Colleague: 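Just dropping this structure here.
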Amino acid sequence: MSVVKAIYNAPIVYELVEPFVGCTIINISYNGIIFGGRAQLSEKDRGFFARGVGKTIAISKARIAILKYELKSAKTELKHRNNLYQEVTKYGKLSPAEVDPTGNLYQAIMRIEKRIDALSAALKKEKKDLKAYLRN
């Protein structure tokens, strides 16, 4: 399962809906870490409260937090893998074929780059969808 699918399938572990205050809080557990999202009703909309709308917004914000966390982790991992690869090749003095004949090190770097691209695209889409949802 891809990282993005795992994020979207992560279970909701806590849900608080407070209609009198106009607040919805959702906590999602992902890889043993709790990520939260919150939807607060605007002062202009005090007379209108919809449980489903607040839940959708809060879930989206929690997913954005998870995606940002995973993206940061993946970028850190890529940095470390690139540093390792440069050290193994002695910063270009040795050819990659000499130190990595199977290409496994390089393929691992390519996989993490693909993961970063997928996470970036998912984060951009989630933000865009949330913005469109809020606008409507």
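Values below: all heavy atoms of this structure, side chains included; hydrogens, waters and symmetry mates excluded. Note that this is a predicted model, so its numbers are computed, not measured. One is the number of the first residue; the rest follow in order along the sequence.
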Colleague: Minimum heavy-atom separation for Ala118 and Val4, please, with both atom names.
Modeller: O-CG2, 3.9 Å
Colleague: Find out if a path of hydrophobic residues (ILVMFWY) with successive side-chain heavy-atom gaps under 4.5 Å connects Leu71 to Ile33.
Modeller: yes
Colleague: Residues in side chain to side chain donor-acceptor pair (under 3.5 Å) with Arg38, at least two apart?
Modeller: Gln40
Colleague: Are the side chains of Ile34 and Ile28 in touch, meaning some heavy atoms are under 4.5 Å apart?
Modeller: no
Colleague: Please, which pairs that meet ring pair (Phe, Tyr, Trp, His ring centres under 6.0 Å) have at least one residue in residues 57-79, sequence neighbours excluded?
Modeller: Phe35-Tyr69
Colleague: Once you round to the nearest 0.5 Å, how far does CG of Asn104 lie from CD1 of Ile109?
Modeller: 11.5 Å
Colleague: Which residues pass the side chain to side chain donor-acceptor pair (under 3.5 Å) test with Thr76, sequence neighbours left out?
Modeller: none
Colleague: Identify the two heavy atoms, one from Val13 and one from Ser29, that lie closest to each other, and give their separation to 0.1 Å.
Modeller: CG1-CB, 3.5 Å
Colleague: Are Leu94 and Leu105 linked, directly or through intermediate hydrophobic residues, by side-chain heavy-atom contacts shorter than 4.5 Å (ILVMFWY only)?
Modeller: yes
Colleague: Rounded at 0.5 Å granularity, tell me how far NZ in Lys68 sits from CD1 in Ile66.
Modeller: 12.5 Å
Colleague: Name all residues meeting the salt bridge (Lys or Arg N to Asp or Glu O under 4.0 Å) criterion together with Glu77; count only those two or more places apart in sequence or in a different chain, and write none if there are none.
Modeller: Arg81, Arg115
Colleague: Identify whether Val21 and Tyr14 are in the same connected component of the hydrophobic contact network (ILVMFWY, side-chain heavy atoms under 4.5 Å).
Modeller: no
Colleague: Can Val88 be reached from Leu78 by stepping across I, L, V, M, F, W or Y side chains whose heavy atoms are under 4.5 Å apart?
Modeller: yes
Colleague: For Ala74, check side-chain contact (heavy atoms from CB on, under 4.5 Å) against everything at least two apart and list the hits.
Modeller: Ile112, Ile116, Leu119
Colleague: Do Ile12 and Lys55 have side-chain heavy atoms sitting under 4.5 Å apart?
Modeller: yes
Colleague: If you take all heavy atoms of Ala39 and Gly54, which pair is closest and at what distance?
Modeller: CB-O, 3.4 Å
Colleague: Any salt bridge (Lys or Arg N to Asp or Glu O under 4.0 Å) involving residues 82-97? Give me the pairs, sequence neighbours left out, ordered by first then second residue.
Modeller: none
Colleague: Taking only residues two or more places apart in sequence or in another chain, which ones pass side chain to side chain donor-acceptor pair (under 3.5 Å) with Glu98?
Modeller: Ser95
Colleague: If a pair satisfies ring pair (Phe, Tyr, Trp, His ring centres under 6.0 Å) and one of its residues is in residues 79-119, list it, with sequence neighbours excluded.
Modeller: none
Colleague: How long is the span from the CD1 atom in Ile64 to the CD1 atom in Ile7, to the nearest 0.5 Å?
Modeller: 11.5 Å
Colleague: Taking salt bridge (Lys or Arg N to Asp or Glu O under 4.0 Å) as the test, write out the residues that go with Lys61, two or more places apart.
Modeller: none
Colleague: Please tabulate, for the side chains in residues 126-136, all donor-acceptor contacts under 3.5 angstrom to protein atoms that are two or more places apart in sequence or on a different chain.
Modeller:
residue	atom	partner	partner atom	Å
Glu126	OE1	Tyr8	OH	2.3
Glu126	OE2	Ser60	OG	2.6
Asp129	OD2	Lys125	NZ	2.8
Asn136	ND2	Ala132	O	3.3

Colleague: Check whether Asp100 reaches the backbone of Pro96 with its side chain - one donor and one acceptor, N or O, closer than 3.5 Å.
Modeller: no
Colleague: Determine whether Arg63 and Leu123 satisfy the following criterion, side chain to side chain contact (heavy atoms under 4.5 Å, CB included), listing intermediate values before the conclusion.
Modeller: CA-CA 9 Å; Arg63 285 181 179 156; Leu123 179 61; over 6 Å; no
